[in-house]
Amino acid sequence: MNLKVVLIGGVVYYAAQWLVGMATGPLIHNGILVEAYQATAPFWRPELMQQPPDMAALLPMWITTGLIGAFLSAAVYMWIRSALAGAGWQRGLKFGVIAVIFHVVAMMGFYGVFNLPAQIWTWWGVEGVAYLLVGGVALG
């Protein structure tokens, strides 16, 4: 395994997803889902339910877990990229589609466990597709 590729690829993957989040966050989380989040307040971290939400308190955890996930994703991509045909961006997009499939499968399992409104799951799914496809292309 090429650690340099995993580290650089992971940072690129994370940065691409962060940029997507800058667009989807205000639209989805601070717009469309505000009422659904308020109706399900006990599910969310107290920092998010403050007025205004204390996002800065959660950033260290979000960045740490996001980077760890991105490095793991980049490592998996390294292992399977030779099985994906096409230019780099095409291989990355195919990897993104694979990640989307696993994302949907995981969300379906969680939907059966957590009593959250379907609206939340739907928009989290839409956002996940955007994150994973854009991140995959950037990684490729």
Side-chain angles (χ1 to χ4, degrees):
M1 177 181 319
N2 186 335
L3 188 59
K4 181 179 173 182
V5 173
V6 169
L7 292 176
I8 293 171
V11 169
V12 168
Y13 188 71
Y14 179 80
Q17 292 181 337
W18 184 272
L19 290 174
V20 171
M22 292 297 105
T24 60
L27 174 69
I28 294 173
H29 304 291
N30 297 334
I32 296 168
L33 293 178
V34 167
E35 290 179 15
Y37 288 154
Q38 290 170 346
T40 56
F43 279 95
W44 315 121
R45 294 188 180 275
E47 298 89 347
L48 294 174
M49 299 314 296
Q50 296 174 11
Q51 290 302 324
D54 187 4
M55 308 294 265
L58 297 173
L59 277 176
M61 177 184 55
W62 290 346
I63 291 169
T64 301
T65 58
L67 282 170
I68 291 169
F71 295 142
L72 291 171
S73 295
V76 170
Y77 176 72
M78 272 195 55
W79 290 330
I80 69 168
R81 72 178 172 178
S82 63
L84 305 171
W89 71 268
Q90 291 171 319
R91 289 193 312 265
L93 181 61
K94 291 173 184 177
F95 177 74
V97 170
I98 293 167
V100 164
I101 292 167
F102 280 104
H103 176 66
V104 168
V105 168
M107 285 189 62
M108 288 167 54
F110 289 134
Y111 180 72
V113 174
F114 295 106
N115 188 25
L116 294 173
Q119 179 189 27
I120 290 176
W121 293 106
T122 300
W123 283 103
W124 284 358
V126 168
E127 186 177 43
V129 168
Y131 280 149
L132 295 168
L133 294 180
V134 170
V137 170
L139 181 58

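Hydrophobic clustering (side-chain heavy atoms under 4.5 Å, transitive across Ile, Leu, Val, Met, Phe, Trp, Tyr) keeps Phe102 apart from Phe110. Neither Leu19 nor Val126 shares a network with the other; the hydrophobic side chains, linked directly or stepwise wherever heavy atoms of I, L, V, M, F, W or Y lie under 4.5 Å apart, form separate groups for each. Follow the hydrophobic side-chain contacts under 4.5 Å out from Leu72 and you never reach Trp79; the two are in separate clusters. Each of Val134 and Phe71 belongs to its own hydrophobic cluster when Ile, Leu, Val, Met, Phe, Trp and Tyr are linked at side-chain heavy-atom distances under 4.5 angstrom. A continuous path of Ile, Leu, Val, Met, Phe, Trp and Tyr side chains, each step under 4.5 Å between heavy atoms, connects Phe95 with Val104, placing both in one hydrophobic cluster.
With a 6.0 Å radius and a threshold of 12 heavy atoms from other residues, nucleotides or ligands, Met108 has its CE atom at or below the threshold.
With sequence neighbours left out, the side chain to side chain contact (heavy atoms under 4.5 Å, CB included) criterion links Ala87 to Trp89, Gln90. In this structure Trp121 satisfies the side-chain hydrogen bond (donor to acceptor under 3.5 Å, both in side chains) test with no other residue, sequence neighbours excluded.
For Trp44 (side chain) and Tyr37 (main-chain N/O), a donor-acceptor pair under 3.5 Å exists by modelled atom type.
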Worked verdict on Ile98 versus Val76 for side-chain contact (heavy atoms from CB on, under 4.5 Å) | CA-CA 11 Å; Ile98 293 167; Val76 170; over 6 Å; no
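Annotation for Arg91 and Gly86: closest pair NH1-O, 2.9 Å, computed over non-hydrogen atoms. Summarising the geometry of Thr24 relative to Glu127, their closest heavy-atom pair is OG1-OE2, 2.6 Å, with the distance given to 0.1 Å. Shown here for Ala16 and Ala138, the closest heavy-atom pair between the two residues is CB-CB, 3.5 Å. The two residues Ala70 and Gly10 make their nearest non-hydrogen contact at CB-O, 3.2 Å. The shortest heavy-atom contact between Arg45 and Leu58 is CD-CD2, 3.6 Å. The nearest pair of heavy atoms linking Gln119 to Ala36 is OE1-CB, 3.7 Å.
Proximity of Met55 to Trp62: side-chain heavy atoms (C-beta onward) are separated by under 4.5 Å at one or more points.
Rounding to the nearest 0.5 Å places CG of Leu67 at 12.5 Å from OH of Tyr13. We find the OH-CG distance between Tyr14 and Leu139 to be 15.5 Å, quoted to the nearest 0.5 Å. Here the CD1-CZ distance, from Ile120 to Phe43, works out to 8.5 Å after rounding to the nearest 0.5 Å. A distance of 11.0 Å separates CG in Leu132 from CD1 in Ile101, rounded to the nearest 0.5 Å. Distance check, rounded to the nearest 0.5 Å: CE of Met61 to CD of Glu47 gives 7.5 Å. One distance of note links NE2 of His29 with CH2 of Trp124; it measures 8.0 Å at 0.5 Å rounding.
Val97 pairs in a side-chain contact (heavy atoms from CB on, under 4.5 Å) with only one of the listed residues (Leu133, Val129, Leu84), which is Leu133.
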